[in-house]
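Notes follow once the structure below has been shown.
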Amino acid sequence: MDKASRQRFIDRCIHFPLDVTGVFGYSKAEVTAGGIDFAEINPKTLESKLAPGLFFAGEVLDVDGRIGGFNFQWAWASGHTVAQALLKK
Ligand SMILES: Cc1cc2nc3c(=O)[nH]c(=O)nc-3n(C[C@H](O)[C@H](O)[C@H](O)COP(=O)(O)OP(=O)(O)OC[C@H]3O[C@@H](n4cnc5c(N)ncnc54)[C@H](O)[C@@H]3O)c2cc1C
């Protein structure tokens, strides 16, 4: 391919707009948005400010990430944070 053809090929690959026309609905959903407000949580321990002694981890909190492992990471990291906080109780 000459340079102009390569550039056209790259342009077509990069500038290829795909419009989102809808979602598959709840049965195909991979993460739930919403949940317990972080303002009601101690961010260092994930203990409730409203109900001391009650801890939360994972998706029950109002934390959600893009697809790509961020939600697993949050579930594991928040679970670890709660476990560490409970060990100090
Ligand atoms: C199809 C699918 C694909 C996904 N793919 C990815 C991915 O590739 N990467 C990524 O990062 N995230 C992915 N996620 C999101 C990720 O799985 C979740 O964010 C994560 O598992 C949340 O962890 P969690 O411990 O908060 O909740 P959960 O994993 O939902 O655990 C909650 C547990 O509580 C139990 N439970 C519920 N009610 C009660 C009760 N009353 N009594 C006792 N137990 C109860 C449930 O049975 C469940 O075992 C995916 C989710 C789905 C649905």
Side-chain angles (χ1 to χ4, degrees):
M1 289 170 96
D2 60 23
K3 191 172 181 191
S5 303
R6 283 201 308 275
Q7 194 56 56
R8 267 199 309 281
F9 177 72
I10 290 166
D11 287 345
R12 292 219 174 122
C13 289
I14 294 173
H15 304 293
F16 186 73
L18 294 169
D19 296 324
V20 176
T21 57
V23 295
F24 286 118
Y26 192 75
S27 64
K28 292 275 183 187
E30 294 200 2
V31 69
T32 306
I36 293 156
D37 189 342
F38 230 80
E40 298 173 356
I41 299 294
N42 177 340
K44 290 203 165 87
T45 61
L46 304 184
E47 183 174 15
S48 171
K49 291 177 184 169
L50 305 182
L54 183 61
F55 292 77
F56 298 103
E59 240 186 80
V60 75
L61 286 156
D62 188 9
V63 177
D64 54 272
R66 298 178 62 172
I67 286 179
F70 300 103
N71 297 296
F72 284 148
Q73 172 59 35
W74 169 245
W76 297 324
S78 60
H80 182 266
T81 299
V82 168
Q84 293 298 313
L86 287 173
L87 282 173
K88 290 181 188 147
K89 276 266 170 190

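The chain is numbered in sequence order, starting from 1. Order of appearance sets the numbers: ligands from 1, and atoms from 1 within every ligand.
Within a 4.0 Å radius of atom 23 (O) of ligand 1, the protein contributes one or more non-hydrogen atoms. Shown here, atom 43 (C) of ligand 1 is out of close reach of the protein: none of its heavy atoms lies under 4.0 Å off. Remark: atom 30 (O) of ligand 1 lies closer than 4.0 Å to no protein heavy atom. Distance check on atom 51 (C) of ligand 1: some protein heavy atom falls below the 4.0 Å cut-off. Distance screen at 4.0 Å: atom 27 (O) of ligand 1 has no protein heavy-atom neighbour inside the cut-off. At a distance under 4.0 Å, no protein heavy atom can be found next to atom 48 (C) of ligand 1. Protein non-hydrogen atoms do not reach within 4.0 Å of atom 36 (N) of ligand 1. Closer than 4.0 Å to atom 6 (C) of ligand 1 lies at least one heavy atom of the protein.
No more than 12 heavy atoms of other residues, nucleotides or ligands sit less than 6.0 Å from atom CD1 of I67. More than 12 non-hydrogen atoms from other residues, nucleotides or ligands lie less than 6.0 angstrom from CZ of F38.
Contact of the D37 side chain with the D62 side chain is not registered, since no non-hydrogen atoms from C-beta on lie closer than 4.5 Å. Contact annotation: the side chain of F70 never approaches that of V31 to less than 4.5 Å [non-hydrogen atoms, C-beta and beyond].
Atom 12 (N) of ligand 1 has as its closest protein heavy atom N71 CB, 3.5 Å. Here the heavy atom of the protein found nearest to atom 2 (C) of ligand 1 is E30 CG, 3.7 Å. For atom 17 (O) of ligand 1, the closest non-hydrogen atom of the protein is F72 CE2, 3.2 Å.
Rounded to the nearest 0.5 Å, atoms CH2 (W76) and CG (N71) are 10.5 Å apart. In this structure, T81 OG1 and L86 CG are separated by 11.0 Å, a value rounded to the nearest 0.5 Å.
For ligand 1, the atoms lying closer than 4.0 Å to a non-hydrogen atom of G69 are 9 (N), 10 (C), 11 (O). The contact set between ligand 1 and G58, taken as ligand atoms under 4.0 Å from a residue heavy atom, comprises 26 (O). The ligand atoms of ligand 1 that sit less than 4.0 angstrom from a heavy atom of A75 are 23 (O). Listed by atom number, the atoms of ligand 1 under 4.0 Å from E59 heavy atoms are 18 (C), 19 (O), 20 (C), 22 (C), 26 (O). For ligand 1, the atoms sitting less than 4.0 Å from at least one non-hydrogen atom of F70 are 11 (O), numbered in the order shown with element in parentheses.
Neither the backbone nor the side chain of W74 has any atom closer than 4.0 Å to an atom of ligand 1 (non-hydrogen atoms only).
Here the side chain of D64 pairs no donor or acceptor atom with the backbone of T32 at under 3.5 angstrom. D19 places no side-chain N or O within donor-acceptor distance of the main-chain N or O of T21, the cut-off being under 3.5 Å. Of the possible donor and acceptor atoms, none in the side chain of E40 sits under 3.5 Å from a partner among the backbone N and O of K49.
Judged by the shortest distance from any of its heavy atoms, A29 lies inside the 4.0 Å radius around the atoms of ligand 1.
In this structure, S78 and G58 approach most closely via the heavy-atom pair OG-N, 2.8 Å. Of all non-hydrogen atoms in F56 and L61, the two that sit nearest each other are O-CD1, 3.6 Å.
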